[in-house]
Amino acid sequence: QSAAHFNLGTKDANLIVALEGSGTVILNPAFIDEFSGSTLATTKWTSAIFNTGGTTTVSGGQVRVNGTHIYSNSSFGPGTSIEFVATFTVAPFQNSGFSSDQPFNNSPWVVIGQGDVSDGNLYARSSDNSSVNLGSNLLGTSHRYRISWNTPANTFSFYVDGNLITTTAISIAVSTPMFIQVSDVIATGGTLSVDWLRASPYPASGIFTSRVFNHGISANWGIVNWIASTPT
């Protein structure tokens with residue numbers, strides 16, 4: 001029922017024990033960070049300051065950007081999905097998603113976030129000025145988001161808490177791999193925090209073997225139950 005329990009079992013290279021909830025066994029994605037330490041994993045990310053006074057902190061299983069951004073050291077191509085649990089707050093220029101360059105200065109980019117005006121809503125946004133409202137009750141609370149870069153068509157689909165927002169497919173021509181961004185431009189505004197972030201692809205399957213459970217006496221075992229979901 002917890003990461004500590006699952007770590008007592010054995011798993012092949014296609015699986016990892018993730019800190020989602022109290023702990024879960026998942027297929028090992030191409031990129032994952034759970035921000036479980038006290039510093040940013042420099043093998044995965046680089047951080048930069050947008051404005052004086054900006055800070056990036058890692059604590060309590062979250063990364064928080066305020067007037068700063070973190071971007072992946074590696075880039076990703078069509079067919080990649082980014083999934084993350086984040087808390088956006090009411091502040092302009094808070095965004096997380098794909099960008100064509102690491103400084104986040106140039107087009108194209110495709111993100112979930114807010115533009116130059118924070119009106120209390122969260123949007124699917126792209127550098128061609130596409131902007132679709134994802135909902136008015138998402139700011140200030142933690143939610144699970146996903147951006148899927150679809151192939152062969154250059155379209156992007158958006159999910160909130162596991163639900164496809166069917167009206168938000170954005171079509172934009174992207175000819176190069178892109179980087180992952182977690183960005184908050186204004187240091188005097190709210191803070192954007194992310195609990196964990198993953199990027200596909202995933203292996204097709206993996207094998208997990210539980211540790212032995214010894215009841216101590218002869219016993220009849222009942223039905224084993226589990227909760228499972230299959231990534232696309």
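Sequential numbering from 1 along the given sequence is applied to the chain's residues.
- At least one donor-acceptor pair under 3.5 Å links the side chain of Ser100 to the backbone N or O of Ser107.
- The backbone N or O of Ser171 sits nowhere less than 3.5 Å from a side-chain atom of Asn154 that would complete a donor-acceptor pair.
- The two residues Pro108 and Ser127 make their nearest non-hydrogen contact at CA-OG, 3.1 Å.
- Within the 4.5 Å cutoff, no side-chain heavy atoms of Asp184 are placed close to those of Thr191.
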Stepwise side chain to side chain donor-acceptor pair (under 3.5 Å) check, Thr89 with Gln94: CA-CA 8 Å; Thr89 54; Gln94 279 189 358; 2.9 Å; yes
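- Across all their heavy atoms, Ala18 and Ala3 have their closest contact at O-CB, 4.4 Å.
- The hydrophobic clustering, which links ILVMFWY residues whose side-chain heavy atoms are closer than 4.5 Å, places Trp149 and Ile112 together.
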Residue pair Thr46, Asn73: steps toward the side chain to side chain donor-acceptor pair (under 3.5 Å) verdict: CA-CA 7 Å; Thr46 300; Asn73 297 333; 2.7 Å; yes
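- Atom-to-atom distance recorded for Met178:CE and Ser75:OG is 10.0 Å, nearest 0.5 angstrom.
- Remark: Asp33 CG to Arg198 CZ distance equals 11.5 Å, nearest 0.5 Å.
- Phe88 and Val63 fall within the same hydrophobic cluster, where Ile, Leu, Val, Met, Phe, Trp and Tyr residues are linked whenever their side-chain heavy atoms come under 4.5 Å apart, directly or through other members.
- Between the side chain of Gln102 and the backbone N or O of Ser72 there is at least one donor-acceptor pair closer than 3.5 Å.
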Candidate pair Ser96 and Phe84, rule side-chain contact (heavy atoms from CB on, under 4.5 Å), full reasoning: CA-CA 9 Å; Ser96 184; Phe84 55 95; 3.8 Å; yes
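- A 4.5 Å side-chain heavy-atom check between Lys11 and Phe6 finds every atom pair outside the cut-off.
- The OG atom of Ser36 sits 12.0 Å away from atom CG of Asp195, with the distance rounded to the nearest 0.5 Å.
- Atoms CG and CG, on Asn95 and Leu192 in that order, are 8.5 Å from each other to the nearest 0.5 Å.
- Inspection of the Thr24 and Glu20 side chains reveals no N or O donor paired with an N or O acceptor under 3.5 Å.
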Check against side chain to side chain donor-acceptor pair (under 3.5 Å), Asn150 and Ser148: CA-CA 6 Å; Asn150 304 315; Ser148 293; 4.9 Å; no
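- Ring-centre distance between Phe93 and Phe104: not below the 6.0 Å cut-off.
- The environment of Asn105 atom CG is dense: over 12 non-hydrogen atoms of other residues, nucleotides or ligands sit within 6.0 angstrom.
- Counting heavy atoms from C-beta on, the side chains of Arg125 and Trp109 come closer than 4.5 Å.
- Between Val58 and Gly37, the shortest heavy-atom distance links the atoms CG1-O, 3.4 Å.
- If you chain together hydrophobic residues whose side chains sit under 4.5 Å apart, Leu197 and Phe179 never meet in one group.
- Side-chain N or O atoms of Gln62 include none that pairs as donor or acceptor with a backbone N or O of Ser193 at under 3.5 Å.
- In this structure, the side chains of Phe35 and Arg64 stay at 4.5 Å or more apart for every pair of heavy atoms.
- Here the shortest heavy-atom pairing between Ala86 and Tyr145 reads O-CE1, 3.8 Å.
- In this structure the side chain of Val174 reaches within 4.5 angstrom of the side chain of Phe156, judged on heavy atoms.
- Taking the six-membered ring for Trp and thresholds of 30 and 60 degrees, Phe31 and Trp45 have ring planes more than 60 degrees apart, a perpendicular arrangement.
- Put simply, Ile186 and Leu122 are part of two different groups of oily side chains (I, L, V, M, F, W, Y) that touch within less than 4.5 Å, one to the next.
- Ser22 places a side-chain N or O within donor-acceptor distance of the main-chain N or O of Gln1, the cut-off being under 3.5 Å.
- Note: Phe98 CZ to Ser81 OG = 7.0 Å, rounded to the nearest 0.5 Å.
- Between the CD1 atom of Ile49 and the NE2 atom of His69 there is a distance of 9.5 Å, given to the nearest 0.5 Å.
- Within the 4.5 Å cutoff, the side chain of Thr80 has heavy atoms near those of the Ser200 side chain.
- The shortest side-chain heavy-atom distance between Ile16 and Pro29 falls under the 4.5 Å cut-off.
- Each of Tyr202 and Ile147 belongs to its own hydrophobic cluster when Ile, Leu, Val, Met, Phe, Trp and Tyr are linked at side-chain heavy-atom distances under 4.5 angstrom.
- In this structure, Ala124 and Leu134 approach most closely via the heavy-atom pair N-CG, 3.6 Å.
- Across every non-hydrogen atom of Asp116 and Pro92, the tightest pair is O-CB, 3.5 Å.
- Residues Thr68 and Ser47 have side chains not in contact (no heavy-atom distance under 4.5 Å, counting atoms from C-beta outward).
- Formation of a donor-acceptor pair under 3.5 Å by the Asn14 side chain with backbone atoms of Ser205 is found in this model.
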